[in-house]
Amino acid sequence: MEPLDRRSFIVTAGAAGAALAAGSPVSGAAQSNGAVFISTWQWGIPANARGAEILGAGGSLMDAVEKGINAIEDDPNVETVGYGGLPNAQGEVELDAGIMNGTTHRAGSVCNLHKIKNPISVARLIMEKTRHTTMAGEGALQFALSMGFEPMQLLTPKSLEAWLKWKNDPNHKTFWIDKDHHDTIGMLGTDGKGHVVAGCSTSGLAWKIPGRVADSPLVGCGYYADDSAGAASATGNGDVMTNYCTSAFIVGRMAEGAHPQDACDQAMRFMAKTAPDVTGGEYCVIALSPAGETGAASMNAAQPLQYAVWRGGRATPLQTAPAYRR
Ligand code: ASP
């Protein structure tokens, strides 16, 4: 698909706005005044719905984003997040997550967490109960256990079968050289009163080299939030995107006055200038202003980002049909 010029972008943005107005009402979800959620991929819809429900019931925005992401971590059918996420090359599920409070400018994150299905909740506790920001591996597991999390087997019969199939294929590709199979739940929320929260959770790349950490749990890469500017999250090839601090880049542009859509497009342009290998593959971002304006972009038209917006009790699935505005 051809890159968009400014006029066709505006038409597309208008069409997205129309879709938003026509979005389906979410039964049971409270119509939290002015609140907006935007989340990555098709599971963004249930994540946003859960977040809206929590906020509508009197929970904080932080509760809403955490619980929204928990809903996807708990779902065994999402093979790139939490329980049922595809494992590393040794057959162990390693989870990464991070969350950031735009008011306090504090983040918490966890990398390479084993045996705990809700890494976003562990990340939140690191932020709220310790003076640290990021914890990894065995220490993070011990911290989670000390906070009362129950260890469990994160492989499902389906993910175990997928790993065995990969392992027993004599020609299987490895991540010393290859990339495949990945996604996240990235979720951004505003309460409509100027407060934003960003969160991100993933099992990372399937069959990754054990110990690999990419953008999702790193502050400013997979997620970033600042009440004075907005929030952003990234999904896609995190080995590349980490090098661009994508989410902090987007929020930085918003701090200078850019609309979230412009800020997302600028991030893609910035990456396209120097990343060697971005003409194929997945490189996607979402953004939200404190006032509830949204943006989303994908580097490649052939690999659009599906995402979901919740606003005023209505859920709208959207897709970045055209590539970013060059
Ligand atoms: N960025 C994640 C990672 O590389 C995966 C994804 O969002 O697709 O671990």
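Whatever order the structure lists them in is the order used to number ligands and atoms, beginning at 1. We count residues from 1, following the sequence as given.
- Under the 3.5 Å distance criterion, the side-chain polar atoms of Asp75 are left unmatched by any main-chain donor or acceptor of Ile72.
- Remark: the backbone N or O of Pro304 is not paired with any side-chain donor or acceptor of Thr320 at under 3.5 angstrom.
- Every heavy atom of Lys208 sits 4.0 Å or more from the atoms of ligand 1.
- Close approach of ligand 1 to Asp215 (heavy-atom distance below 4.0 Å) involves ligand atoms 1 (N), 2 (C), 3 (C), 4 (O).
- Nearest to atom 5 (C) of ligand 1 by heavy-atom distance, out of Pro217, Gly236, Ser203, Gly204, is Gly236.
- Scored by the salt bridge (Lys or Arg N to Asp or Glu O under 4.0 Å) test, Glu66 finds Arg124 as partners (sequence neighbours excluded).
- Asn88 places a side-chain N or O within donor-acceptor distance of the main-chain N or O of Glu92, the cut-off being under 3.5 Å.
- The ligand atoms of ligand 1 that sit less than 4.0 angstrom from a heavy atom of His182 are 5 (C), 6 (C), 8 (O).
- Shown in contact with Thr235 at under 4.0 Å from a heavy atom are these atoms of ligand 1, numbered in order with element: 6 (C), 7 (O), 8 (O).
- Which parts of ligand 1 touch Ser216 is read off a 4.0 Å heavy-atom cut-off, strictly below it: atoms 1 (N), 2 (C).
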Return a table of donor-acceptor pairs under 3.5 angstrom between the side chains of residues 145-155 and protein atoms on other chains or two or more places apart.
| residue | atom | partner | partner atom | Å |
| --- | --- | --- | --- | --- |
| Ser146 | OG | Phe143 | O | 2.6 |
| Gln153 | OE1 | Leu155 | N | 2.9 |

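- Under the 3.5 Å distance criterion, the side-chain polar atoms of Thr202 are left unmatched by any main-chain donor or acceptor of Ala97.
- Of the protein's non-hydrogen atoms, Arg212 NH2, 2.8 Å is the one closest to atom 4 (O) of ligand 1.
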